[in-house]
Amino acid sequence: MDKWRKDLILKDSIRVLTQNGESLIQFYLGDICMLKAENKVDILLVSAFGENYNTVQGTLIGALHSQLKVSVGKLAKNKAEDLRDHYSCWVTHPLPKHLPFRKILCFEPTWLRTVHPKELVGDVFRCLVPILQEEGGTVITPILSTGKVGFPETDLFESLVQAAVNWMKAGLPLKVLKIVQYATFTAAGEVDSTLRRDYEGVSKLFGELKERYDMQYLIPKETPVEYDVYLSCSEADKKISDKLQEELKKAKPDIKIVIGSDQKMREGECWQDDMYNTMMKSARVITILSPQYLESPACIEQYNIALCCNRKAHKDLLAPFYIQTCNPELPSYMQLVQYVDCLPNDVPKMCEGVLELVRSLSHRGANLYSDVHTVDIDPVKYDVFLSYSHTNNAEANQIVSCLQKTNPELNIFFDIQELKQGKAWQRLLYHSIDGTTVFIALISDRYLQSAVCNEEYSLALAKFLTKGDPLQLILVTIEDIKFLPAEYQCVTLVDGVTDLAKQTEALCEDLNEFLKNPSEMMELKKTKARNLVVKGQYLNLDEEFSSLRRMSFKQRFPLHDSVMTNSQLIIDIPSKSNKCDIALSYHKMDQKYADYFVLELERLVPDLAVEHEWANNKSRLATMESALRIVTLVSPNYLESPEQVEEFHIAVWRQRMADPSSPILYPIQIHRLPIRPSYFHIVPYVVSLEDRFWLELAKKVPTLSFPAIFSKKYDSRFKKEKHLALDIAISDLAYTAVKHRKFMEGKPARPHASLANISTAVDQNKPVDSAIRRVDQLSI
């Protein structure tokens with residue numbers, strides 16, 4: 001009888017909240033071969049080295065052979081799919097039904113890539129995408145590439161969990177991942193400590209990862225509110241401040257107000273903590289925006305702290321009143337928060353805003369905050385979203401009134417009703433379209449000229465052309481348009497020029513019938529449509545934009561030959577600038593990418609001013625406001641971070657107002673993204689590490705051509721194709737940043753859309769022959 005017994009024991013779990021519901025990452029101790037048939041999983045992961053499938057004792061391949069009579073070597077001779085060239089994996093055909101695994105996926109990295117295996121673990125999950133085609137997929141795995149291969153268990157364990165979380169959040173239908181650290185047990189259930197395993201280190205690490213990722217840590221903690229209003233204003237605006245307080249007390253006699261100017265900035269003391277704690281105990285934070293406000297360091301500090309409270313409280317805490325025109329304009333991050341327009345010192349408008357604010361204080365939940373530090377990715381549900389130019393307010397009101405008369409229960413997004421004071425209006429617009437069933441655009445010349453309207457339409461069109469998305473799209477022309485752009489001609493078009501009232505009434509009746517039972521087929525029985533387009537022609541947004549990036553590669557990156565051949569880049573370096581040339585916006589979990597950008601940019605252009613870390617929120621926002629270029633490293637982690645999403649929207653706002661020849665926003669996608677928010681899928685990414693053509697390009701580059709090959713620290717961090725993509729992006733950034741600095745004053749530009757239009761991308765892709773667009777026939 002053996003001294004040690006075999007078992008498989010669940011030690012702990014991490015619950016991961018995804019758009020597909022809750023997924024689990026389970027940590028086991030024991031022997032994978034002890035998994036019972038009734039607990040069968042879809043995939044067993046194993047790891048091998050260089051086609052060596054020897055049944056060595058102490059390895060999982062050896063245990064499978066001796067305990068379950070499964071020969072990985074024999075299975076390797078008849079692979080169902082061999083993905084080793086691209087993804088370091090291969091997959092078996094279905095296994096015999098009596099086994100506790102349906103298939104085996106073998107992780108077999110090619111060490112000639114000089115990449116640490118923990119950087120290749122993500123490929124395992126990438127391979128699972130076509131295998132786990134239905135919801136509820138289950139996978140069991142050891143801590144890959146440890147055992148006889150000898151890499152530290154904690155390194156690979158952390159990479160496995162991080163990659164699993166990223167892919168679960170990106171939409172991989174993986175419901176349960178079981179990670180097993182090999183162990184045997186005594187009769188009393190104690191772990192055999194004679195095995196060379198880091199049980200203590202892995203167990204401690206799992207606890208840290210659970211604290212980082214487990215959804216139980218996102219359960220709101222209630223924070224009681226003690227004050228109704230925290231008032232932040234410049235002492236120079238005392239007259240308007242007194243008037244505002246008078247109106248507040250008139251509307252709510254028992255109102256409790258804290259005056260921000262009473263909380264002074266005290267040198268050597270933690271006065272920020274006092275401000276923060278007081279604001280967190282306040283229902284709303286009123287800010288009186290004026291030139292004097294912007295000139296006051298204390299006021300700016302209060303506004304920035306209020307923004308932090310906004311994110312922490314998970315509600316619209318800020319309540320800005322804009323009373324005097326600022327020149328230069330309000331900072332971008334202030335313009336992105338909906339304010340009450342009281343220009344210039346319009347007291348009646350301020351009084352109306354006060355009444356609305358007081359009404360908000362009586363709403364249920366105003367006396368409690370949810371202490372949740374994440375972005376809400378679930379959109380608000382609307383039956384109808386009305387998109388229009390504000391020069392057409394009369395027509396918009398006519399349609400809304402008719403819809404409400406037809407069915408008072410309809411949930412309608414009408415911006416003047418939905419964009420309340422304190423809302424992050426740009427993000428709310430995008431998220432509301434994500435939750436919309438019918439999108440109606442009122443087309444006029446001013447609509448076609450509006451950057452924001454075009455972004456709204458681009459997002460709606462992308463959703464309309466996405467399979468499985470319920471959004472229906474209708475255009476109503478309210479002016480004679482001589483030249484309607486092509487991207488506006490591929491959807492249902494209703495003529496509202498001749499008789500808008502009659503068409504509106506018919507359309508509202510048709511929509512009401514449709515919304516009773518929404519489907520992919522929308523009929524307009526009473527509305528006379530100029531053309532009726534039903535869902536049916538679907539596009540893959542990511543693939544279309546990837547094809548566009550592939551087609552324009554040479555033109556977009558004129559320095560790519562120098563990078564691929566490791567030639568010396570010649571960049572004319574101007575004198576040092578006082579401004580930040582490049583600001584990096586990234587999630588801390590993607591730190592290695594930011595570190596690499598900083599290292600290589602410094603190597604290429606030592607005098608380039610690159611910022612990626614900040615002492616406080618004030619300096620972070622100031623940099624985002626002034627940087628000549630903002631590089632956003634977008635990933636699932638990024639999408640869930642309030643700070644990073646805020647930085648992204650600042651960049652989008654500034655990009656919209658910038659000279660197109662000197663763009664502010666430089667977006668890079670570093671990981672596959674979840675389905676929502678949808679607008680992140682129509683961001684015009686300069687580089688996406690998910691583009692498959694980087695694999696083909698990397699094959700043409702000798703390993704020693706990579707600049708980072710001489711840096712052991714960074715060489716093992718990225719796969720060859722990622723290195724190439726990053727190096728090309730960095731060289732382009734360095735070149736364009738220097739060019740941008742020479743012309744940093746820029747030219748006044750008319751606002752233009754910051755999001756890409758899928759119709760334009762498709763039109764640009766059409767000339768490309770389908771055979772050329774195939775990855776396996778790529779020629780660049």
(message) Is the shortest side-chain heavy-atom distance between Leu471 and Thr437 below 4.5 Å?
(response) no

(message) Within the 3.5 Å criterion, strictly below it, is a donor on Asn166 or Gln162 matched to an acceptor on the partner's side chain?
(response) no

(request) May I ask you to check whether over 12 heavy atoms, not counting those of Leu539, lie within 6.0 Å of atom CG? (result) yes

(message) How long is the straight-line distance from CD of Glu690 back to CZ of Arg672, given to the nearest 0.5 Å?
(response) 7.5 Å

(message) Quick one, Tyr596 with Asp727, criterion side chain to side chain donor-acceptor pair (under 3.5 Å). Give me CA distance, side-chain angles, the key distance, then yes/no.
(response) CA-CA 9 Å; Tyr596 187 64; Asp727 287 341; 2.4 Å; yes

(message) Tell me if the centroids of the rings in His649 and Tyr430 come within less than 6.0 Å of each other.
(response) yes

(message) Less than 4.5 Å apart, side chain to side chain, heavy atoms only: is that true for Val631 and Leu633?
(response) yes

(request) Would you check if the side chain of Lys210 reaches a backbone N or O of Ser13 as a donor-acceptor pair within less than 3.5 Å? (result) yes

(message) Measuring from atom OG1 of Thr141 to atom CD1 of Ile32, what distance do you get when rounded to the nearest 0.5 angstrom?
(response) 6.0 Å

(message) Applying ring pair (Phe, Tyr, Trp, His ring centres under 6.0 Å), can you list everything that pairs with Tyr182, at least two apart in sequence or on another chain?
(response) none

(message) Are Leu172 and Phe125 packed together at the side-chain level, in the sense that at least one heavy-atom pair is separated by less than 4.5 angstrom?
(response) yes

(message) Parallel, tilted or perpendicular, judged at 30° and 60°: which one describes the rings of Phe648 and Phe680?
(response) tilted

(request) Nearest 0.5 Å please: distance from the CD atom of Glu158 over to the CD1 atom of Ile143. (result) 12.0 Å

(request) Can you measure from NE2 (His65) to OG1 (Thr59) and round to the nearest 0.5 angstrom? (result) 11.0 Å

(message) Regarding Glu543 and Arg550, does a basic nitrogen lie under 4.0 Å from an acidic carboxylate oxygen?
(response) no

(request) Indicate yes or no: at least one non-hydrogen side-chain atom of Ile668 is less than 4.5 angstrom from one of Val634. (result) no

(message) Can you confirm whether or not the ring centre of His723 sits under 6.0 Å from the ring centre of Phe718?
(response) yes

(request) Kindly indicate whether the side chain of Ser688, heavy atoms from C-beta on, has any atom under 4.5 Å from the side chain of Phe545. (result) no

(request) Would you confirm whether His681, through its side chain, and Pro674, through its main-chain N or O, come within 3.5 Å as a donor-acceptor pair? (result) yes

(request) Answer whether the closest heavy-atom distance between the side chains of Val70 and Leu99 falls below 4.5 Å. (result) yes

(message) Pairing donors with acceptors under 3.5 angstrom, does anything connect the side chains of Tyr53 and Glu108?
(response) yes

(message) For residues 177-191, which residue pairs pass the salt bridge (Lys or Arg N to Asp or Glu O under 4.0 Å) check, not counting sequence neighbours?
(response) none

(message) Taking atom NZ as the centre, does Lys11 end up with more than 12 heavy-atom neighbours from other residues, nucleotides or ligands that are less than 6.0 angstrom away?
(response) no

(message) Could you check whether any side-chain heavy atom of Arg15 comes within less than 4.5 Å of a side-chain heavy atom of Tyr213, counting everything from C-beta outward?
(response) no

(message) Could you measure the distance from the CG atom of Asn540 to the CG atom of Asp542? Nearest 0.5 Å is fine.
(response) 5.5 Å

(message) Could you check whether Lys103 pairs with Asp42 (Lys NZ or Arg NE/NH1/NH2 to Asp/Glu carboxylate O, under 4.0 Å)?
(response) no

(request) Run the numbers on Ile758 and Leu541 for side-chain contact (heavy atoms from CB on, under 4.5 Å), then give the verdict. (result) CA-CA 7 Å; Ile758 185 61; Leu541 301 182; 3.7 Å; yes

(request) Give a yes or no on whether Lys79 atom NZ has more than 12 heavy-atom contacts from other residues, nucleotides or ligands under 6.0 Å away. (result) yes

(request) Quick one: pull up CD in Glu643 and CD in Glu647 and give me the separation to the nearest 0.5 Å. (result) 7.5 Å

(request) Kindly indicate whether the side chain of Leu128, heavy atoms from C-beta on, has any atom under 4.5 Å from the side chain of Val139. (result) yes

(message) Restricting to non-hydrogen atoms, name the atom on Pro667 and the atom on Thr632 that form the minimum distance, rounded to 0.1 Å.
(response) CA-OG1, 3.2 Å

(request) Would you please indicate if the ring centroids of Tyr593 and His612 are separated by under 6.0 Å? (result) no

